[in-house]
Amino acid sequence: MTTTPTIQEQPSGSSTQQPLIRLEGVTKHFPIHKGFFNRKVGDVQAVTGIDLTIFQGETLGVVGESGCGKSTLGRCILQLLRPTAGHVYLDDQDLTTLSNRQLRPLRRDMQMIFQNPYSSLDPRMTVGETISEPLQVHHLHKGPTLTKRVYELLDMVGLPRDAYRRYPHEFSGGQRQRVGIARAISLNPRFIVADEAVSALDVSVQAQILNLLGDLKKAFNLTYLFIAHNLSVVEYISDRVAVMYLGKIAEVAPAGELYHNPLHPYTKALLSAIPVPDPSVDHSQRTLLQGDLPNPANPPSGCRFHTRCPYVVDRCKQEVPEGIEYLPGHIGYCHRIPEINHLPHWPATPVN
Ligand code: SF4
């Protein structure tokens, strides 16, 4: 019999990093209205009861199938969507209790890089206007110092200075994403949510943008929440990875640990679906996911993965699995992780 620990996960290789963002029970449900009187008939349960800590200076990757709630979670952290329940702390300040007016100065600390560099930039604004807009809104620079700051930002993201007077349609997808990144870092944020920031780009350009994000992180001690469905991209850039399934966390671990020793059946299935370009590799042990993601308006009871899990037992259909730290920094939400993974020293003393 195991007891449920209080989760305070630490990034790999560091016991001294400070939490920057802390989520407690973050939930976001979208009401469904129907009929002549527009009555509420249910909720799309996009994100439910997320507990997570993001440490200063780390990159936390978030992966999962489309529709699992990754982007909603990112937007809830930034308060672009207000959570239905739960708390989001930046340092020790609970953002969910603040009004939009009170949030405004804190928005300088938290920025977002959007998925689609083709639609996320206003085609009527020059690159200079796009990058300088947040600086003007926050009254940080004006006149020649504003122009100088925009030139600095263009240099930082590897764009030529003549980009200042040009329009987004004159640039490639990778260059437009550099404009988006310049805009995101213009206010010297501490935390950036990159939502599928390289998904719309060619593979060679993806590598350049990932390297740019890595360089900026080192230069400005940034903290990233990196949302993507491409597992290889997330492995490349992340210090830790959280796997989401149908609005809940399935597993959180240091990136190397998660990719080489996944504990949760869903993570195993996701990783075994990555194509390996080597004909000598034995594919017979692959775990193939059956069926589609269930409807988030009517999620399965107990463990939400139970309708697709090859290890399901009756308990899974009734009890929601709690997060347990099975290995240092490696947390899984599944009733059967010790049996499935033949963990030798389990049950162990849970870590507080
Ligand atoms: Fe599968 Fe049960 Fe674990 Fe859920 S709790 S992942 S259904 S074994």
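In each ligand, atom 1 is the first atom listed, and ligand 1 is the first ligand listed.
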A.B. asks: Would you mind writing out the side-chain donor-acceptor pairs for residues 199-208 within the sub-3.5 Å range, not counting sequence neighbours?
C.D. replies:
unit_1: Ser199; atom_1: OG; unit_2: Glu196; atom_2: OE1; d: 2.4
unit_1: Gln206; atom_1: NE2; unit_2: Val198; atom_2: O; d: 3.1
unit_1: Gln206; atom_1: NE2; unit_2: Leu201; atom_2: O; d: 3.2

A.B. asks: Indicate yes or no: at least one non-hydrogen side-chain atom of Thr223 is less than 4.5 angstrom from one of Arg190.
C.D. replies: no
A.B. asks: Could you give all pairs that pass the ring-ring contact (aromatic ring centres under 6.0 Å, His included) test and reach residues 166-186, with sequence neighbours left out?
C.D. replies: none
A.B. asks: Name the residue from Arg82, Arg107, Gln79 that meets the side-chain hydrogen bond (donor to acceptor under 3.5 Å, both in side chains) definition with Asn100.
C.D. replies: Arg82
A.B. asks: With a distance cut-off below 6.0 Å to the six-membered ring centre and an angular limit of 45° from the axis, does Arg336 pair with Tyr311 as a cation-pi contact?
C.D. replies: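 Ring-cation test returns no.
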A.B. asks: Among all residues two or more places apart in sequence or in another chain, which pass the side-chain contact (heavy atoms from CB on, under 4.5 Å) test with Asp292?
C.D. replies: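 side-chain contact (heavy atoms from CB on, under 4.5 Å) list for Asp292, sorted by chain: empty.
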A.B. asks: Just the protein N/O/S atoms under 2.8 Å from atom 1 (Fe) of ligand 1, please, no waters.
C.D. replies: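 Metal shell, protein only: Cys309 SG.
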